[in-house]
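The first residue of the sequence shown is numbered 1, and numbering continues consecutively from there.
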Amino acid sequence: MKIISGIEVSNKIKEDIASEVEAIKRRGEKIPHLAAVLVGSDGASQTYVNAKVKACELVGFGSSLVRLPEAISEETLLKEIERLNNNDNIDGFIVQLPLPKHIDEQKITEAIAPAKDVDGFHPMSLGKMLLDIPSFLPATPYGIIEMLRYYQIPTEGKHCVVLGRSHIVGSPMSVLMARNTYPGNCTVTITHSKTKNLAAITLQADILIVAIGKPEFVTADMVKDGATVIDVGIHRIEDTTKKSGYRLIGDVKFDEVAPKCAYISPVPGGVGPMTIASLLKNTLLAVQLKK
Ligand code: NAP
């Protein structure tokens with residue numbers, strides 16, 4: 001069994017991006033700039049946004065954090081997005097989700113200029129992904145693709161089972177694994193909460209990608225010997241032995257599933273760091289596509 005280290009892969013990606021930024025500086029060109037919009041003060045969202053801003057600093061990107069109050073109206077938020085769309089210094093930006101209940105997330109996502117949609121959630125980005133047109137891939141599925149590539153995990157002709165069909169993880173993941181390229185060329189089964197006999201399906205998976213948001217849902221009896229398992233879930237559970245008072249676990253019961261696997265991504269240290277690395281890659285792509 002080999003652990004897929006998202007820390008190792010994301011560090012390599014960040015090193016490559018930092019070298020590219022150095023080359024951009026040497027050419028006297030504008031340094032890439034990523035902005036993040038944070039609405040309200042949700043703890044997890046703040047942690048994610050801070051990590052994204054810190055990653056920008058690490059690779060030499062410019063970054064800005066736009067903090068807006070929880071009670072902001074949809075109209076004012078849309079104006080803020082328009083301001084970012086029109087700001088030439090900003091190459092790409094993200095609006096951290098989830099947004100407060102009174103704001104329509106889809107409307108906000110669609111208001112982002114497709115050329116700056118580095119989260120890859122705009123219908124234009126998703127449509128281009130379906131058509132194999134170079135564009136911004138949704139950050140988490142993109143990160144998983146890069147992990148499979150880094151570890152040279154064979155995918156062609158394999159059966160990939162994706163648990164979950166969310167617009168940001170499961171659905172795009174299933175599309176990417178079926179593409180006629182590497183990593184890809186899998187036969188893909190996508191499952192959801194209405195799927196019957198789930199274990200019978202997961203047991204057929206050569207590659208199992210789990211994004212359902214249920215702590216330690218996938219157990220050893222659901223996994224085939226020699227499978228590759230990618231755990232997207234992140235959950236904080238109370239742990240008084242930790243200084244923080246909590247620890248992170250995934251959607252997979254790691255201790256019992258890992259011994260059966262050829263490869264497995266842990267939580268933490270698996271998919272999480274890759275999501276940020278993909279965001280940086282997308283920001284660099286935004287600069288290249290602008291040219
Ligand atoms: P989501 O929007 O809540 O979607 C969950 C999906 O799982 C839904 O499609 C749901 O089906 C399906 N599902 C629920 N119970 C199921 C079951 N028993 N069997 C099969 N499918 C089932 O979640 P998400 O945004 O995709 O996120 C999933 C997890 O990944 C969460 O823990 C989230 O925190 C984590 N995440 C991590 C990262 C990262 O950077 N590491 C990024 C994004 C998300 P229905 O459609 O039928 O409801």
Side-chain angles (χ1 to χ4, degrees), residues 1-23 32 34 47-61 63 118-120 136-156 158 160 162 168-169 172-173 176-177 181-184 186 205-211 218 223 226-236 242 244 247-285:
M1 182 270 297
K2 192 161 172 46
I3 300 278
I4 298 178
S5 168
I7 297 173
E8 182 180 325
V9 189
S10 65
N11 282 343
K12 172 76 176 72
I13 291 173
K14 284 187 237 167
E15 274 169 29
D16 291 347
I17 294 178
S19 307
E20 182 57 31
V21 173
E22 283 306 314
L34 173 73
T47 308
Y48 293 142
V49 165
N50 288 339
K52 287 167 188 175
V53 170
K54 213 170 126 195
C56 283
E57 286 166 10
L58 195 82
V59 298
F61 281 4
S63 66
V118 288
D119 248 342
F136 308 114
L137 299 179
T140 301
Y142 188 13
I144 294 170
I145 288 291
E146 290 307 306
M147 291 202 301
L148 295 171
R149 191 196 310 282
Y150 183 89
Y151 286 94
Q152 297 176 5
I153 294 171
T155 59
E156 186 173 315
K158 303 290 182 192
C160 174
V162 180
I168 61 166
V169 189
M173 197 67 240
L176 292 173
M177 294 305 284
T181 184
Y182 176 79
C186 285
D206 302 306
I207 301 171
L208 183 62
I209 300 176
V210 191
V218 172
V223 178
T228 292
V229 174
I230 307 288
D231 189 355
V232 184
I234 308 179
H235 311 276
R236 273 185 188 192
K242 301 275 175 199
S244 59
R247 68 188 164 92
L248 296 177
I249 59 167
D251 284 352
V252 175
K253 208 162 190 175
F254 183 87
D255 290 346
E256 64 173 57
V257 171
K260 295 187 83 175
C261 297
Y263 292 90
I264 184 165
S265 74
V267 178
V271 175
M274 290 304 300
T275 299
I276 294 182
S278 306
L279 190 63
L280 299 175
K281 268 173 91 79
N282 275 344
T283 306
L284 206 53
L285 180 67

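- Note that the OG1 atom of Thr140 and the CG atom of Asp119 stand 8.0 Å from one another [nearest 0.5 Å].
- Every residue two or more places apart in sequence or in another chain that forms a side-chain hydrogen bond (donor to acceptor under 3.5 Å, both in side chains) with Asp251 is listed here: His235.
- Side-chain contact between Lys281 and Ile17 is present, with at least one heavy-atom pair separated by less than 4.5 Å.
- A distance of 10.0 Å separates CG of Leu176 from OG1 of Thr181, quoted to the nearest 0.5 Å.
- You'll find the side chain of Tyr151 stays beyond 4.5 Å of the side chain of Ser265, heavy atoms only.
- Taking the charged nitrogens against the carboxylate oxygens, Glu146 and Arg149 do have a contact shorter than 4.0 Å, which makes a salt bridge.
- Asn282 contributes atom CG, which lies 9.0 Å from atom CG of Leu280 (distance to the nearest 0.5 angstrom).
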> Can Ile207 and Cys186 be said to form a side-chain contact (heavy atoms from CB on, under 4.5 Å), step by step?
Replying inline: CA-CA 9 Å; Ile207 301 171; Cys186 285; 4.1 Å; yes
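- Here the rule is side chain to side chain contact (heavy atoms under 4.5 Å, CB included) with Val232, and of Ile144, Val252, Ile168, Val267 only Ile144 fits it.
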>> I'd like to know whether Ile264 forms a side-chain contact (heavy atoms from CB on, under 4.5 Å) with Ile4, so could you lay out the CA-CA distance, the side-chain angles of the two residues, the decisive distance to 0.1 Å, and finally the verdict.
In response: CA-CA 6 Å; Ile264 184 165; Ile4 298 178; over 6 Å; no
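- Inter-residue side-chain proximity for Ile234 and Tyr48 is flagged as met; some heavy-atom pair is nearer than 4.5 Å.
- Counting only heavy atoms from C-beta outward, the side chains of Glu20 and Val59 never approach each other to under 4.5 Å.
- The shortest side-chain heavy-atom distance between Val218 and Val223 falls under the 4.5 Å cut-off.
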>> Could you walk me through whether Leu34 and Val53 satisfy the side-chain contact (heavy atoms from CB on, under 4.5 Å) test, starting with their C-alpha distance in whole Å, then the side-chain angles of each, then the deciding distance to 0.1 Å, before giving a yes or no?
In response: CA-CA 8 Å; Leu34 173 73; Val53 170; over 6 Å; no
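- Counting all heavy atoms, side chain and backbone alike, Pro172 lies closest to Pro138 at CB-CG, 3.7 Å.
- By the 4.5 Å heavy-atom criterion applied to side chains, Cys160 and Ile209 are counted as neighbours.
- A 6.0 Å sphere centred on CD of Glu256 holds more than 12 heavy atoms belonging to other residues, nucleotides or ligands.
- Note that OG1 of Thr283 is 10.5 Å distant from NZ of Lys52, once rounded to the nearest 0.5 Å.
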>> What verdict does the side-chain contact (heavy atoms from CB on, under 4.5 Å) test give for Tyr182 and Thr155, after you've listed the backbone C-alpha separation in whole Å, the side-chain angles of each residue and the deciding distance to 0.1 Å?
In response: CA-CA 7 Å; Tyr182 176 79; Thr155 59; 3.4 Å; yes
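- Taking 4.5 Å as the limit, every side-chain heavy atom of Ile3 sits out of range of all side-chain heavy atoms of Tyr263.
- When side chains are defined from C-beta on, Pro141 does not count as touching Ile145, because their heavy atoms never get closer than 4.5 Å.
- Atom CG of Leu58 and atom OG of Ser63 lie 11.5 Å apart (nearest 0.5 Å).
- Applying the side-chain hydrogen bond (donor to acceptor under 3.5 Å, both in side chains) test to every pair with at least one member in residues 8-19, sequence neighbours left out, gives these pairs: Glu8-Tyr150, Lys12-Asp16.
- When atom types are taken as modelled, the side chain of Lys260 and the backbone of Gly226 share no donor-acceptor pair closer than 3.5 angstrom.
- Summarising the geometry, atom CD1 belonging to Ile230 is positioned 4.5 Å from atom CE belonging to Met147; distances are rounded to the nearest 0.5 Å.
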